[in-house]
Amino acid sequence: MARRVVVIGGGVMGSSAAWHLAARGDRVTLLEQFRPGHDRGSSHGSSRIFRIAYADPFYVSLAVRALPLWQRLEEETGTSVLSLTGCVDHGPEQATSALRDVLTLAGRPSETLSPEAAAERWPGIRADSTALFHPEAGRLNADAAVAALQRAAELKGAEIRHGVRVTSLTHRGGGVELVTDQQETFAADAVVCAVGGWAPATLGPVVPGLPPMRVTQEQPLHFPAADALDWPSFIHHEGAGLTVGGGVYGLGSVDGVKAGFHGVGPVVDPDHRDRTVDPAARERLAEYAAKWLPGVDATAPAATTCLYTTTPDHDFVIDRAGPVTVLAGFSGHGFKFGSVIGELAAGLVHGEPGSRRFALGRHSG
Ligand SMILES: Cc1cc2nc3c(=O)[nH]c(=O)nc-3n(C[C@H](O)[C@H](O)[C@H](O)COP(=O)(O)OP(=O)(O)OC[C@H]3O[C@@H](n4cnc5c(N)ncnc54)[C@H](O)[C@@H]3O)c2cc1C
């Protein structure tokens with residue numbers, strides 16, 4: 001049965017939910033507090049890694065579902081969002097072999113290389129002790145993907161509104177009443193809350209079982225490289241020659257080769273952060289690039305900032321509490337799954353069961 005659904009948040013998750021809900025015939029309104037393409041949340045910029053390879057088969061199967069949905073989005077909107085340039089994982093043997101084993105079990109392709117063979121093929125990257133190439137990976141253009149998801153939702157009848165902040169959410173009858181900063185009131189059968197780093201403050205008081213989440217400001221750098229768009233994405237795993245906890249990720253983009261440490265930034269309040277670049281962290285990453293990325297100009301990086309919203313187990317929250325569906329806690333690795341997370345959200349709104357792995361309340365015993 002078609003439902004009246006309000007989606008709060010126009011990042012990748014809310015936009016995807018709006019697309020899938022509208023495709024089911026629901027009457028959908030998406031409300032986003034900032035302008036289109038804003039850079040104050042988690043979904044902006046020219047690049048995010050797409051990859052099927054995870055050491056955990058659960059995420060492999062989720063990425064396998066996400067891939068054709070990104071391609072369907074490209075067909076529906078006539079825009080390009082995904083470039084399959086492949087990915088090189090390198091570092092200690094146990095990290096690359098664990099990925100290779102999971103990919104093999106799932107019937108997905110990969111290739112193991114010596115560091116010398118990897119350096120010959122990708123001279124811009126100095127591989128550590130072992131390397132694994134997997135072709136079902138590459139780059140999502142984040143800005144293009146969010147714009148395409150919203151366009152696809154509109155094509156299916158959704159209304160997308162920017163510059164509208166939801167200020168309260170109250171249970172009414174079996175549904176929800178929302179009030180905005182423009183004193184508008186919406187009555188909805190169901191609400192999808194995809195508010196990124198704003199989730200702990202906004203949803204904590206109204207959604208039972210929301211896990212504790214750390215909101216941090218991360219600061220990747222873009223390094224100039226003439227052939228940046230041809231680069232595979234890469235992950236340099238901790239251990240062997242790298243002691244940085246969480247390793248280093250990177251990929252080519254129109255802005256150069258992006259590289260970043262994973263989830264090491266300071267805790268921030270998304271409404272009151274000044275987006276100042278930390279010079280010491282910038283220096284550490286530039287030193288990394290000088291040593292491990294011979295294909296970039298390590299002396300002239302440009303910084304950008306972005307929010308991570310991290311759960312204690314780094315698993316997402318994709319669950320429903322009555323009429324409120326929550327998409328939160330994407331822990332710095334959610335974008336690649338965005339196309340399928342909207343589909344999961346639409347299923348929850350329509351009473352389909354969710355995954356226990358993503359359940360609310362899983363941290364409260
Ligand atoms: C530096 C960095 C690198 C990353 N790299 C990768 C990667 O390579 N691969 C990968 O898969 N993932 C990556 N991620 C993670 C991925 O980008 C995020 O998981 C994803 O973008 C989260 O999207 P979201 O929609 O949940 O949040 P957001 O994009 O923050 O969207 C939430 C939206 O809700 C809006 N909002 C909040 N409150 C309200 C309100 N009350 N009313 C109206 N609107 C509201 C906000 O303005 C915001 O636009 C990276 C993240 C960062 C920060």
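Ligands are counted one by one from 1 in listed order, and the atoms in each one are counted from 1 as well. All values reported here derive from a predicted model rather than from experimental measurement. Below, all heavy atoms of this structure are taken into account, side chains as well, without hydrogens, waters or symmetry copies.
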- Message: Would a single hydrophobic cluster contain both Val81 and Ile52, if residues Ile, Leu, Val, Met, Phe, Trp and Tyr are joined by side-chain heavy-atom contacts under 4.5 Å?
- Response: yes

- Note on the structure: Those residues with a heavy-atom separation under 4.0 Å from ligand 1 are Ile8, Gly9, Gly10, Gly11, Val12, Met13, Leu31, Glu32, Gln33, Phe34, His38, Gly41, Ser42, Ser43, Arg48, Ile49, Val164, Arg165, Val166, Ala194, Val195, Gly196, Trp198, Pro220, Tyr249, Cys306, Leu307, Tyr308, Phe330, Gly332, His333, Gly334, Phe335, Lys336

- Message: Would you say the rings of Phe261 and Tyr249 are close, in the sense that their centroids are separated by under 6.0 Å?
- Response: no

- Message: Going by salt bridge (Lys or Arg N to Asp or Glu O under 4.0 Å), name the residues that satisfy it together with Arg100, two or more places apart in sequence or in a different chain.
- Response: none

Under 3.5 Å, which donor-acceptor pairs do the side chains of residues 341-352 form with other protein atoms, sequence neighbours left out?
| from | atom 1 | to | atom 2 | distance (Å) |
| --- | --- | --- | --- | --- |
| Glu343 | OE1 | Arg65 | NH2 | 3.1 |
| His350 | NE2 | Asp26 | OD1 | 3.3 |
| His350 | NE2 | Asp26 | OD2 | 2.6 |
| Glu352 | OE1 | Arg24 | NH2 | 3.4 |
| Glu352 | OE2 | Arg24 | NH1 | 3.2 |
| Glu352 | OE2 | Arg24 | NH2 | 3.0 |

- Partners of Glu76 by side-chain hydrogen bond (donor to acceptor under 3.5 Å, both in side chains), sequence neighbours excluded? Trp19

- Item | Phe234 and Trp122 aromatic centres sub-6.0 Å | no

